[in-house]
4 protein chains.
Amino acid sequence: MNVRSFKNMSPRTPEQNKVLRQDSQTRIIASALKLFAEHGYSATSIKMIAQEANLAQGLLYNYFSGKEELLRAIFAQSMTDVRESFALAEGDTASNSTVAGVIRAALTLVARKRDFWRLSYGSRMQPALLTVLGDDLFAWTQEIRNTLERYFRTSGAAQPEIEAAILFALIDGVAQHYVLDPEHYPLAEVTETIVARYSM
Amino acid sequence: MNVRSFKNMSPRTPEQNKVLRQDSQTRIIASALKLFAEHGYSATSIKMIAQEANLAQGLLYNYFSGKEELLRAIFAQSMTDVRESFALAEGDTASNSTVAGVIRAALTLVARKRDFWRLSYGSRMQPALLTVLGDDLFAWTQEIRNTLERYFRTSGAAQPEIEAAILFALIDGVAQHYVLDPEHYPLAEVTETIVARYSM
Amino acid sequence: MNVRSFKNMSPRTPEQNKVLRQDSQTRIIASALKLFAEHGYSATSIKMIAQEANLAQGLLYNYFSGKEELLRAIFAQSMTDVRESFALAEGDTASNSTVAGVIRAALTLVARKRDFWRLSYGSRMQPALLTVLGDDLFAWTQEIRNTLERYFRTSGAAQPEIEAAILFALIDGVAQHYVLDPEHYPLAEVTETIVARYSM
Amino acid sequence: MNVRSFKNMSPRTPEQNKVLRQDSQTRIIASALKLFAEHGYSATSIKMIAQEANLAQGLLYNYFSGKEELLRAIFAQSMTDVRESFALAEGDTASNSTVAGVIRAALTLVARKRDFWRLSYGSRMQPALLTVLGDDLFAWTQEIRNTLERYFRTSGAAQPEIEAAILFALIDGVAQHYVLDPEHYPLAEVTETIVARYSM
DNA sequence: AATGAATGAGCCTTCATTCAT
DNA sequence: GATGAATGAAGGCTCATTCAT
């Protein structure tokens with residue numbers, strides 16, 4: 001018996017309502033992420049999202065104040081997901097807590113969350129969207145850069161800041177190229193070659 | 001209207017017209033590029049472009065069949081510019097025809113044509129725009145990749161394809177990070193560090 | 001918003017929606033037919049139709065994919081109406097199934113659906129509209145011509161095709177002259193005189 | 001040596017200027033009539049007319065105050081032509097000054113001036129155009145009706161007004177059907193059959 | 001919680017007309 | 001007399017959002 005079967009049973013208990021809300025909200029976010037990644041934010045209409053999520057257009061506004069907040073919600077959730085996955089990967093083994101580990105973790109994540117990265121890379125150059133997203137995205141980027149810098153600093157690199165910038169650019173570049181054409185990109189080889197180079 | 005105007009009521013000469021047309025077209029393209037880069041393609045209205053270019057909305061359609069063709073024109077022109085600049089840079093000195101030369105040329109160009117790169121990077125993940133642009137953008141990317149691969153092949157690298165992918169990703173990543181925040185990005189140091197690494 | 005509205009916040013029933021839709025669609029078609037007949041298709045703007053129908057411009061597109069489809073819908077509906085009325089008139093009495101009956105039926109119908117005939121006669125010479133309407137209008141005309149021809153053939157006329165062409169032209173001509181100035185045209189006398197002539 | 005060869009010889013004599021004007025004006029009217037008939041008045045743009053007439057858009061406004069006056073000019077000229085042709089046909093032989101003669105003359109004229117009749121029939125139901133054309137078209141129609149009525153009155157018909165209405169409708173109907181599909185319409189047979197009927 | 005009809009601002013585009021030369 | 005670049009007012013249409021139920 002799935003969640004939707006509550007639908008026509010009323011009055012509902014508060015718990016059922018909570019489950020319903022949860023379900024609808026999840027479906028909306030998932031549908032929106034998929035369509036945003038597929039067609040781009042501005043080319044995706046609320047109508048399309050509602051259809052994909054199998055609910056009425058108006059209902060969307062019960063959960064999100066508008067299209068923009070929906071975008072924010074997607075980023076908030078996805079960024080949390082990514083952070084968690086990262087933390088997990090880092091904690092995996094002690095040996096992973098190295099530059100090589102970071103590279104592997106990052107590129108593995110990209111492959112696992114293509115849609116989000118597509119959306120993210122597609123939003124990054126659009127001031128209108130950056131405004132909507134506020135400083136979150138920028139702060140996140142900074143956070144990553146800082147983490148990398150710390151790695152290089154502790155490992156005694158000569159120019160930790162520059163090294164961090166370079167590695168960040170490299171990971172970001174690979175991620176984007178992969179996301180642009182996942183079927184043909186030699187992600188594994190590229191990852192291992194980079195890892196090897198940074199393990200010397 | 002003064003007396004002289006009765007004297008020569010002949011139509012503008014073809015040269016005069018050409019100048020007028022050239023001027024309008026240039027202003028339109030320049031304004032559009034600026035605004036597309038600043039706000040993104042879809043967030044930029046024809047009205048905004050016309051205002052920025054200081055001419056009537058309708059005039060735009062004397063020069064371009066629509067917003068999409070305007071985008072295509074911008075890409076066509078900018079891509080030509082970039083190719084020319086590249087060729088020039090390569091021909092500069094014999095010693096430049098190396099991987100190091102390519103890196104320097106590419107990153108110098110990015111700094112000189114920020115707006116275009118911003119637009120380009122902003123368009124790359126948007127299927128709607130890719131459709132508009134056709135295969136040009138993809139073909140161009142492929143061309144760059146091939147050039148890099150050739151360099152590595154002639155220099156006897158073990159995995160020329162993978163090496164090319166990595167260097168391309170690195171350049172692309174640096175370019176994007178620079179374009180995202182040109183004021184603060186340490187482009188010179190990053191470029192030189194990369195060049196040094198690839199000159200060994 | 002009164003207290004009762006809290007009591008039953010369930011969505012409209014499908015029946016309620018159907019009524020709403022029916023009403024809007026009917027109002028749109030009626031308004032469009034009226035204005036198309038009054039000002040012509042191309043001189044009638046969507047805005048005018050929406051105002052006449054007392055609803056928002058955008059709503060029109062919930063029912064018709066555009067102005068052209070609206071025109072098609074009007075023709076489809078009106079042609080169906082006319083066909084039905086004709087069938088009814090023909091079935092009226094056995095004696096009606098004669099040329100005289102057809103003439104009377106046709107001219108009566110014109111008087112009852114002036115607006116549609118005005119629109120129809122106004123569209124007939126406009127290639128742009130003919131394209132929109134497709135072959136429907138042409139097919140319909142042919143159908144009428146054939147019906148008339150059959151009458152003459154069964155009644156043993158010497159040149160059934162020519163006779164049909166003549167009678168068709170006559171009816172069409174009278175219909176148009178009537179529609180052009182309904183207040184002053186002596187439709188009844190003209191009809192009866194024609195009928196008398198064809199009853200000999 | 002044709003008219004256009006004056007073009008680059010300046011200064012021009014007043015006579016040459018007059019010829020030039022005449023030529024341009026004629027070309028404009030001819031082109032406009034052709035295009036109006038082919039695509040309809042509103043679907044024909046000034047640009048199209050100028051191109052067809054092989055002159056600059058702006059020049060058109062040296063001859064006609066606008067699109068509407070151009071339409072008026074076409075009607076004025078064509079109506080004059082038709083009236084003259086009619087007068088000529090009537091004067092042809094004494095025996096032609098009968099109902100039969102009128103029928104033949106009218107239908108012959110239609111075949112000779114298809115474009116104009118197409119435009120005329122296409123304008124008749126469009127109030128916007130009728131307004132532009134003023135009362136001319138209506139007056140003309142009335143004139144024809146009166147002429148026919150006079151014929152029937154002098155020939156001692158019982159209901160001259162009704163008879164005139166019927167014959168007018170018939171001619172008009174045939175003319176329209178012919179104009180709608182000139183290639184296939186059996187104009188000759190139809191004309192002769194009608195003439196025969198009215199010669200009894 | 002849910003529905004979907006309705007709204008209206010804003011977009012891209014067309015085109016009659018004007019204007020400087 | 002002639003040119004064609006430039007103008008700007010509409011027009012058709014889309015779509016995020018609201019509202020009654």
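By convention in this document, chain letters (A, B, ...) are assigned in the order of the sequence lines, proteins followed by strands, and residues within each chain are numbered from 1.
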Nearest non-hydrogen partners of B:I74 and B:L33, listed with the distance: CD1-N, 3.6 Å
With sequence neighbours left out, write down each residue that passes side-chain contact (heavy atoms from CB on, under 4.5 Å) with C:T131, or none if nothing qualifies. none
Considering non-hydrogen atoms only, spot the tightest contact between A:A73 and A:F64 and give its length. CB-CE2, 3.5 Å
side-chain contact (heavy atoms from CB on, under 4.5 Å) involving D:D136 - partner list, sequence neighbours excluded: D:M79
Ignoring hydrogens and angles, write down the donor-acceptor pairs under 3.5 Å from the side chains of residues 35-43 of chain D, residues two or more places apart or on other chains.
residue: D:S42; atom: OG; partner: C:S42; partner atom: OG; Å: 3.1

Please confirm whether the backbone N or O of C:S123 pairs with a side-chain atom of C:Q126, one donor and one acceptor, at under 3.5 Å? no
Whole-Å distance separating the OH atom of B:Y61 from the P atom of E:dT17: 21 Å
Mind checking side chain to side chain donor-acceptor pair (under 3.5 Å) for C:D23 and listing every partner two or more places apart, or none if nothing turns up? C:R27
Answer with base, sugar-phosphate or nothing: what part of the nucleic acid does B:F64 contact at a heavy-atom distance below 4.0 Å? nothing
Please name all residues satisfying side-chain contact (heavy atoms from CB on, under 4.5 Å) with A:R21, sequence neighbours left out, ordered by chain then number. A:Y63
Rounded interatomic separation in angstrom, taking NZ from C:K18 and P from E:dG4: 15 Å
Taking only heavy atoms on the protein side, list every residue of residues 27-37 of chain B lying under 4.0 Å from any atom of DNA chain E, sorted numerically. none
Would you tabulate the side-chain donor-acceptor contacts of residues 46-59 of chain C under 3.5 Å, counting partners in other chains and residues two or more places apart, or write 'none'?
residue: C:E52; atom: OE2; partner: C:K34; partner atom: NZ; Å: 3.1

Nearest whole Å is fine: how far is F:dA5 P from B:E15 CD? 13 Å
Just grab all the salt bridge (charged side-chain N to carboxylate O under 4.0 Å, His left out) pairs involving residues 58-74 of chain B, residues at least two apart or on different chains. none
Please list, in numerical order, the residues of residues 65-73 of chain B that have a heavy atom closer than 4.0 Å to any atom of DNA chain E. B:G66, B:K67
Check whether any side-chain heavy atom of A:L137 sits under 4.5 Å from a side-chain heavy atom of A:L129, and report yes or no. no
Contacts under 3.5 Å, N or O only, protein and nucleotides 7-9 of chain F:
residue: F:dT7; atom: OP2; partner: B:A56; partner atom: N; Å: 2.8

Which stems does DNA chain F form, counting runs of 3 or more consecutive Watson-Crick or G-U wobble pairs with both distances under 3.5 Å? E:2-21 with F:2-21
Where the side chain of C:L20 is defined as all heavy atoms beyond and including C-beta, which of E:dT21, F:dA6, E:dA6 is the nearest nucleotide? E:dA6
Near DNA chain F, under 4.0 Å by heavy atom, which residues of residues 41-49 of chain A? A:T44, A:S45, A:I46
Is the distance from the ring center of D:F116 to that of D:F75 below 6.0 Å? yes
What does B:S24 touch in the nucleic acid at a heavy-atom separation under 4.0 angstrom: a base, only the sugar-phosphate, or nothing? sugar-phosphate
Please state whether the phosphate of E:dA1, meaning OP1 or OP2, lies under 4.0 angstrom from any side-chain nitrogen or oxygen of A:Y63. no
Whole angstrom is fine here: how far is it from CD in C:Q16 over to P in F:dT21? 8 Å
Hey, are the side chains of A:Q22 and A:T26 touching, using non-hydrogen atoms and a 4.5 Å cut-off? yes
CG/C:L119 to OG/C:S78 distance, rounded to the nearest 0.5 angstrom? 7.5 Å
Any A:R21 side-chain N or O less than 4.0 Å from OP1/OP2 of E:dA1: yes
